[in-house]
Amino acid sequence: MNMAWHNSGTTNADLVENLWRNKLITQPVVKNAFLKVDRAHYAPSQPYEDSPQPIGHGATISAPHMHAHAVETLLPFLLPKVNDDDPGVIGQPGRPRRVLDIGSGSGYLTHVLAELVGETGVVVGLEHIPALKELGERNMAKSPEGRALLDSGRVRFRVGDGRKGWSEPSPGESQPGVGGAAAPDAAASEGEKKDEAGGWDAIHVGAAAATLHDELVRQLRSPGRMFIPVEAGNGWEEQYIWTVDKDEHGNVTKKKLYGVRYVPLTDAPK
Ligand code: SAH
């Protein structure tokens, strides 16, 4: 993952082609999704460089190769599973996908995820800074495709503390107090059944967590997968990407992948 300069391009298509050639994107569906979302709508400067860019409020839009790897890692839990003959896709056939993007920042990855879950799915972008929640919405509204995702409710941006996860109804279910501090705690007390209906096939965390928060693991569906950078906590400011998988029986497996550098998952600034 250290050949960033070889991935950069002069257009969105060029950048995606380079990520493909360098095998950071390996799945054709992922390539298509990246081609559909113009990074220039989300990165205020050098959108086709393979590097993180500042977006204000101490946040950055992650580098394209990190977005690519996150999506490739979550892919079996993103694509709608049509029937049991779909071996690479994990989950119950016909069940609409539910995806949570914690620390949605620019909204770029939220948009790419929405392209993959298809028309029945829902993706929630969660931010603890209201101005960044609005930035994600504004960026997405720059394209007709993005506006359609917002208007249909297939993408929703919310304000909340990502360390606690999020509770959100599926399309067709009644809406809670929209946009406000909804009540993950209320959902938590209503037991496993409700969790399973309201939980997440995939959780992406875009900021480094102090720990592998249990509440996030709890909110994973069975099956489900989380992609999360976590501080090593050894005083060296090391962080590693972890995946947490929950199988169809509810068994949890945690895997440490590789070292990264993300902004921290913190309290909201006052
Ligand atoms: N995926 C985003 C990453 C933005 S940087 C992108 O590529 O654009 C990480 C984001 O996490 C920042 O926007 C920051 O505001 C947000 N964040 C940090 N702590 C958080 C918390 N506790 N809850 C929700 N969001 C948080």
Side-chain angles (χ1 to χ4, degrees), residues 4 7 12 15 19 24 33-34 37-74 78 99-116 123-140 142 146 155-168 179-182 184 200 202-216 219 226-231 239 241 260-270:
N7 298 321
N12 199 60
L15 167 67
L19 291 166
L24 293 155
F34 273 67
V37 185
D38 190 344
R39 256 181 90 86
H41 293 156
Y42 295 90
S45 56
Q46 308 190 74
Y48 309 129
E49 286 284 305
D50 190 19
S51 60
Q53 300 293 334
I55 56 171
H57 305 271
T60 57
I61 175 171
S62 299
H65 69 269
M66 277 315 306
H67 285 146
H69 192 255
V71 170
E72 292 246 329
T73 303
L74 293 171
L78 300 175
V99 176
L100 180 62
D101 182 22
I102 296 175
S104 49
S106 66
Y108 172 79
L109 190 67
T110 322
H111 190 163
V112 173
L113 293 167
E115 292 292 344
L116 288 160
V123 182
V124 173
L126 185 61
E127 256 302 327
H128 67 161
I129 299 177
L132 287 174
K133 176 252 186 196
E134 282 154 29
L135 177 72
E137 266 167 355
R138 229 173 24 249
N139 287 341
M140 193 169 281
K142 289 177 187 170
V155 169
R156 304 162 189 184
F157 288 97
R158 302 293 193 224
V159 175
D161 183 352
R163 294 169 296 190
K164 303 194 170 99
W166 191 253
S167 159
E168 180 80 21
W200 307 101
I203 299 178
H204 173 265
V205 185
T211 68
L212 271 174
H213 295 284
D214 286 343
E215 179 55 23
L216 298 182
Q219 290 184 17
M226 173 159 68
F227 179 100
I228 179 171
V230 184
E231 313 272 5
Q239 308 168 351
I241 293 294
V260 285
R261 195 117 201 96
Y262 278 68
V263 306
L265 193 68
T266 57
D267 291 335
K270 291 286 174 262

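Counting starts at 1 for both ligands and their atoms, following the listed order. Worth knowing before you read on, the calculation uses all heavy atoms, side chains too, and leaves out hydrogens, waters and symmetry mates. Here, residue 1 is the first one in the sequence, and each next residue gets the next number.
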J.: Taking it one step at a time, do Asp267 and Arg163 satisfy salt bridge (Lys or Arg N to Asp or Glu O under 4.0 Å)?
T.: CA-CA 9 Å; Asp267 291 335; Arg163 294 169 296 190; 2.6 Å; yes
J.: Could you tell me if the side chain of Ile241 sits less than 4.5 Å from the side chain of Tyr262, heavy atoms only?
T.: yes
J.: Indicate the atoms forming the closest heavy-atom contact of Lys164 with Gln219, along with that distance.
T.: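 Result for this residue pair: O-NE2, 3.0 Å.
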J.: Side chains of Asn7 and Pro64: does their closest heavy-atom pair fall under 4.5 Å?
T.: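 Not touching, per the 4.5 Å side-chain cut-off.
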J.: Compile the protein residues with any heavy atom at a distance under 4.0 Å from an atom of ligand 1; present them by chain, then by number.
T.: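 These residues qualify: Ala59, Thr60, Ile61, Ser62, His67, Gly103, Ser104, Gly105, Ser106, Glu127, His128, Ile129, Leu132, Gly160, Asp161, Gly162, Arg163, Gly206, Ala207, Val263, Pro264, Leu265, Thr266.
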J.: Answer whether the closest heavy-atom distance between the side chains of His65 and Leu19 falls below 4.5 Å.
T.: yes
J.: Students often mix this up, so state it plainly: with edges at 30° and 60°, are the rings of His204 and Phe227 parallel, tilted or perpendicular?
T.: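 Ring orientation, 0 to 90° scale: parallel.
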